Amino acid sequence: MCVGACYGFDGGQASGKGKNYMATMTGITTMKAVTIHRYGGPEVLSYEDVPRPEPSADELLVRVHAAGVNPVDWKIREGLLGKAPLPQILGSDFSGVVEAHGTEVKGFNIGDPVFGVVAEESGSYAEFCLAPPKRVAIRPLPLDDVHAAALPTASLTAWQALFDVAHLAAGQKVLIHAAAGGVGGFAVQFAKWKGAYVIGTASGPGVDFVRGLGADQVIDYHTTRFEEVVRDVDVVLDTIGGETQERSWQVLKRGGILVSLVKPPDQQKAAALGVRGEILYSKSRGDQLAQIAELVVSGKVKVHVEKVLPLREARQAQELSQSGHVRGKIVLVIDSQGG
Ligand SMILES: NC(=O)c1ccc[n+]([C@@H]2O[C@H](COP(=O)([O-])OP(=O)(O)OC[C@H]3O[C@@H](n4cnc5c(N)ncnc54)[C@H](OP(=O)(O)O)[C@@H]3O)[C@@H](O)[C@H]2O)c1
């Protein structure tokens, strides 16, 4: 069935000879995308025409309607996470419609509204991206593209840190650093949904924002040292690293756990204190995204999008993200002319 931007469905194999995928359209060979040809500051971002990707037998080709922006995007741009061959299309999170799929793909059809995380070699700051089905979920229709694109990396990271690594349970106490940020905002809401007592750190207007997300206690990290007012915590979610991580050990109760997203915790220190320290590298899981989308649709979790920009403004989006002071998420939208 075709519900999105479908036209010219040829009802079978893509017209290119020997292509092993099902497609809605033929003849489009280029697309708009935001790429880098060298690593560096925001000035290296280039909005340009690039070849449209083709799905392999086990991939989806998605027409991207919106792309979520994450700090990892500018870290990749700067070459801080290793140096892959260039040019490269940036962006990992997307929401859109299945345009085509490989012959081995099961569970997705052309025209399905989907959201998720791109394949390794692909990027979501583009009109089209590739994604393996296991990284993708069907977008429930009450959830629009902008809010769906804001979900994948941030919400999966919060979910996996709290539930897969820390096994947070009802009645436990959790301290969430940068609770107004992309990951922190979801973590506060997931932890409350689970029945935990939630403490968040934020500053200025972020304090009221985090309270609005349901936190029981919010500490303004500009005016109060959290370790002076928090103790006996079961779980710390460390989104900051550095001295914030160092100062976090002392708020944990014996048997507690610190989960960091940014810096491997010192194992000797953890052992000496009778606590655990883990680093999380989040996994892109469509099954968990589907669960999270249900929470959003049922109103239990809100998705706060601070800024929506057209694809061609990716530089502004990344500069904002890199400032480190966004509340919630930034999303790029791609219109029919490519953004
Ligand atoms: N390992 C993984 O798999 C993984 C996955 C996702 C993200 N990450 C990493 O986790 C970090 C957080 O990601 P994110 O998407 O949540 O970032 P983000 O949305 O950019 O976080 C911005 C928030 O951080 C707050 N903040 C900055 N410094 C703070 C401090 N010292 N104490 C408390 N709050 C502070 C800001 O509040 P103010 O404006 O009040 O300062 C702002 O609301 C990033 O470094 C990201 O790369 C890792």
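None of these values were measured; they are calculated from a predicted model.
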- Message: Assess the residue pair N109 and V98 against the criterion (side chain to side chain contact (heavy atoms under 4.5 Å, CB included)); give the C-alpha distance rounded to whole Å, side-chain angles, the decisive distance to 0.1 Å, and a yes or no.
- Response: CA-CA 7 Å; N109 294 303; V98 176; over 6 Å; no
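- Residues S155 and I292 share a closest heavy-atom pair of OG-CD1, 3.6 Å.
- We find the CD-CD distance between E104 and E59 to be 11.0 Å, quoted to the nearest 0.5 Å.
- At least one cation-pi condition fails for R139 and F115: the charged atom is not both under 6.0 angstrom from the six-membered ring centre and inside a 45 degree cone around its axis.
- Side chains of V275 and I257 form no contact here, defined as non-hydrogen atoms less than 4.5 Å apart.
- Contact annotation: the side chain of F128 never approaches that of E54 to less than 4.5 Å [non-hydrogen atoms, C-beta and beyond].
- Annotation for V64 and C129: closest pair CG2-SG, 3.6 Å, computed over non-hydrogen atoms.
- To the nearest 0.5 Å, atom CG of residue L130 and atom CZ of residue R52 are 9.5 Å apart.
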- Query: T224 and T201: side chain to side chain contact (heavy atoms under 4.5 Å, CB included), yes or no, with the steps?
  - Reply: CA-CA 10 Å; T224 306; T201 62; over 6 Å; no
- Task: Start with the C-alpha distance between D164 and Q288, add both sets of side-chain angles, then the distance that settles side chain to side chain contact (heavy atoms under 4.5 Å, CB included), and finish with yes or no.
- Result: CA-CA 11 Å; D164 295 348; Q288 290 183 335; 2.9 Å; yes
- In sequence, state the C-alpha distance, the side-chain angles, and the governing distance for H37 and E48, and then conclude on side chain to side chain contact (heavy atoms under 4.5 Å, CB included). CA-CA 11 Å; H37 291 256; E48 60 187 11; 2.8 Å; yes
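- V230 and L162 are assigned to two separate hydrophobic clusters, defined by single-linkage of ILVMFWY side chains at heavy-atom distances under 4.5 Å.
- Proximity of L168 to D234: side-chain heavy atoms (C-beta onward) are nowhere separated by under 4.5 Å.
- Residues T157 and L261 have side chains in contact (heavy-atom distance under 4.5 Å, counting atoms from C-beta outward).
- Atom CG in D335 sits 10.5 Å away from atom NE2 in H65 (nearest 0.5 Å).
- In this structure, the separation between OG on S122 and CZ on R135 is 10.0 Å, given to the nearest 0.5 Å.
- Residues Q245 and P264 share a closest heavy-atom pair of OE1-O, 4.1 Å.
- Residues L237 and F209 share a hydrophobic cluster, clusters being chains of Ile/Leu/Val/Met/Phe/Trp/Tyr side chains in contact below 4.5 Å.
- The backbone N or O of K253 sits nowhere less than 3.5 Å from a side-chain atom of D232 that would complete a donor-acceptor pair.
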- Mind running salt bridge (charged side-chain N to carboxylate O under 4.0 Å, His left out) on E246 and K269 for me, showing each step along the way? CA-CA 10 Å; E246 280 309 304; K269 190 163 282 177; 2.7 Å; yes
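- Cluster annotation: V235 is connected to L156 through the hydrophobic network of ILVMFWY side chains, with a link wherever side-chain heavy atoms come within less than 4.5 Å.
- Both W193 and F186 are part of a single hydrophobic cluster, where members link through side-chain heavy atoms under 4.5 Å apart.
- Using a 4.5 Å heavy-atom threshold, the side chains of L143 and L151 count as touching.
- Residue K263 qualifies as enclosed at atom NZ: its count of foreign heavy atoms under 6.0 Å is above 12.
- Looking at T35, its side chain never comes within 3.5 Å of a backbone N or O of I89 through a donor-acceptor pair.
- Closest heavy-atom contact between V305 and A150: CG2-CB, 4.0 Å.
- Between the R276 side chain and the A270 main chain, no donor and acceptor come within less than 3.5 Å of each other.
- Pairing each heavy atom of G185 with each of L213, the nearest pair is CA-CD1, 3.7 Å.
- The closest side-chain heavy-atom distance from Y281 to I279 is below 4.5 Å.
- Not a single donor-acceptor pair under 3.5 Å links the side chain of D112 to the backbone N or O of V114.
- Residues V174 and V165 share a single hydrophobic cluster, defined by chaining ILVMFWY side chains whose heavy atoms lie under 4.5 Å apart.
- Side chain to side chain, H177 and S248 meet the donor-acceptor criterion of an N or O pair below 3.5 Å.
- In this structure, R38 CZ and K83 NZ are separated by 11.0 Å, a value rounded to the nearest 0.5 Å.
- Checking Q189 against H304 by side-chain atom types alone, no donor-acceptor pair falls below 3.5 Å.
- Between E294 and V297 the shortest side-chain heavy-atom distance does not fall below 4.5 Å.
- No more than 12 heavy atoms of other residues, nucleotides or ligands sit less than 6.0 Å from atom CD of Q268.
- Using a distance-only test at 3.5 Å, with no hydrogens or angles considered, no donor-acceptor pair links the side chain of E99 to the main chain of L61.
- For the side-chain hydrogen bond (donor to acceptor under 3.5 Å, both in side chains) test with Y197, the passing option among Q172, Q217, K192, K173 is Q217; the others fail.
- A donor-acceptor pair is defined here as one N or O able to donate and one able to accept, closer than 3.5 Å; such a pair exists between the side chain of S298 and the backbone of L295.
- Here the side chains of T244 and T239 are not in contact, with every heavy-atom distance at 4.5 Å or above.
- Side-chain atoms of S124 never come within 3.5 Å of backbone atoms of F94 as a donor-acceptor pair (strictly under, hydrogens ignored).
- If you take CD on E127 and CG on D49, they are separated by 8.0 Å, rounding to the nearest 0.5 Å.
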Side-chain donor-acceptor pairs of residues 68-81 under 3.5 Å, sequence neighbours excluded:
unit_1: N70; atom_1: OD1; unit_2: K329; atom_2: NZ; d: 2.6
unit_1: N70; atom_1: ND2; unit_2: D93; atom_2: OD2; d: 2.9
unit_1: D73; atom_1: OD2; unit_2: N70; atom_2: N; d: 3.1
unit_1: D73; atom_1: OD2; unit_2: Y125; atom_2: OH; d: 2.7
unit_1: W74; atom_1: NE1; unit_2: P71; atom_2: O; d: 3.4
unit_1: R77; atom_1: NE; unit_2: G40; atom_2: O; d: 2.9
unit_1: R77; atom_1: NE; unit_2: G41; atom_2: O; d: 3.3
unit_1: R77; atom_1: NH1; unit_2: Q318; atom_2: OE1; d: 2.7
unit_1: R77; atom_1: NH2; unit_2: Q322; atom_2: OE1; d: 2.8
unit_1: E78; atom_1: OE2; unit_2: Q322; atom_2: NE2; d: 3.0

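- Relative ring orientation between F190 and W159 is described as perpendicular, the plane-to-plane angle rising above 60° on a 0-90° scale split at 30° and 60°.
- What you find for P152 and V117 is that their closest heavy atoms are CB-CG2, 3.7 Å.
- Put simply, the side chain of Q160 gets close to the backbone of K283: a donor and an acceptor are under 3.5 Å apart.
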